[in-house]
Amino acid sequence: MTKQYLIEQAKEGMKQAYAPYSGFRVGAALLTGDGSVYLGCNIENASYGAAVCAERTAIFKAVSDGKREFEAIAVVCSNGTPAWPCGICLQVMAEFCPDIQIYLEGEQEVQVYSLQDLLPNAFRLSAE
Ligand code: THU
């Protein structure tokens with residue numbers, strides 16, 4: 001599966017974004033260890049703090065489906081800039097998939113980061 005294909009899948013996920021408050025639409029596509037792809041979108045709420053990001057939607061869908069191994073997550077957003085995952089989403093990735101690759105849409109090509117790049121000292125209960 002190509003990086004560009006996973007980006008295109010994230011754009012599919014973004015079609016379901018529910019973002020009437022921010023107007024900032026986000027989509028994610030999560031590739032699992034067994035080759036499945038889970039799509040996610042951001043889902044906002046009139047009580048703003050109840051919003052959930054696209055990345056966590058995709059990860060929680062997969063985890064609740066019994067998946068525990070993740071290869072990569074592609075993230076796109078509606079304003080044409082790289083869709084950097086927020087700190088909470090990075091922390092959720094650290095819980096389930098510390099070795100995940102993160103694909104963001106660049107101007108020319110897909111940008112690839114490791115979770116270690118974006119969250120080098122993730123909180124873990126075992127870390128002392
Ligand atoms: N958002 C995401 O979906 N992913 C992120 O990593 C950052 C932010 C969403 C949440 C909210 O619906 C909107 O973007 C504006 O913050």
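Only heavy atoms go into these numbers, but all of them, side chains included; no hydrogens, no water, no symmetry mates. As the structure lists them, so they are numbered: ligands from 1, and atoms in each ligand from 1.
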query: Do other residues, nucleotides or ligands put more than 12 heavy atoms under 6.0 Å from the CG atom of Asn121?
result: no
Return the closest protein heavy atom for [atom] as residue, atom name and distance.
| atom | answer |
| --- | --- |
| atom 3 (O) of ligand 1 | Ala54 N, 2.9 Å |
| atom 16 (O) of ligand 1 | Phe24 CD2, 4.8 Å |
| atom 9 (C) of ligand 1 | Asn42 ND2, 3.7 Å |

query: Does atom 12 (O) of ligand 1 have any protein heavy atom closer than 4.0 Å?
result: yes
message: Judged on heavy-atom distance to atom 4 (N) of ligand 1, which of Glu44, Met14, Arg56, Glu55 sits nearest?
response: Glu55
field: Options Ala51, Cys53, Ala19, ranked by nearest heavy atom to atom 1 (N) of ligand 1, top entry
entry: Cys53
statement: Scanning both residues in full, the closest heavy-atom pair of Cys53 with Cys89 reads CB-SG, 3.4 Å
query: Do you know which two heavy atoms are closest between Tyr5 and Thr2, and how far apart they sit?
result: N-OG1, 2.9 Å
Which ligand 1 atoms are under 4.0 Å away from a heavy-atom of [X]?
| X | answer |
| --- | --- |
| Cys86 | 5 (C), 6 (O), 7 (C) |
| Trp84 | 6 (O) |
| Pro85 | 6 (O) |
| Ser22 | 13 (C), 15 (C) |

query: Where does the angle between the aromatic ring planes of Phe70 and Phe96 fall among parallel (under 30°), tilted (30 to 60°) and perpendicular (over 60°)?
result: perpendicular
- prompt: For the side chain to side chain contact (heavy atoms under 4.5 Å, CB included) test, which of Ile100, Leu6, Leu39 pairs with Leu30?
  reply: Ile100
- request: Would you give the length of the straight line joining atom OH of Tyr38 to atom CG of Leu31, rounded to the nearest 0.5 angstrom?
  value: 11.5 Å
message: With side-chain hydrogen bond (donor to acceptor under 3.5 Å, both in side chains) as the test, pick out the partner of Glu105 among Lys11, Gln111, Lys3, Gln4.
response: Lys11
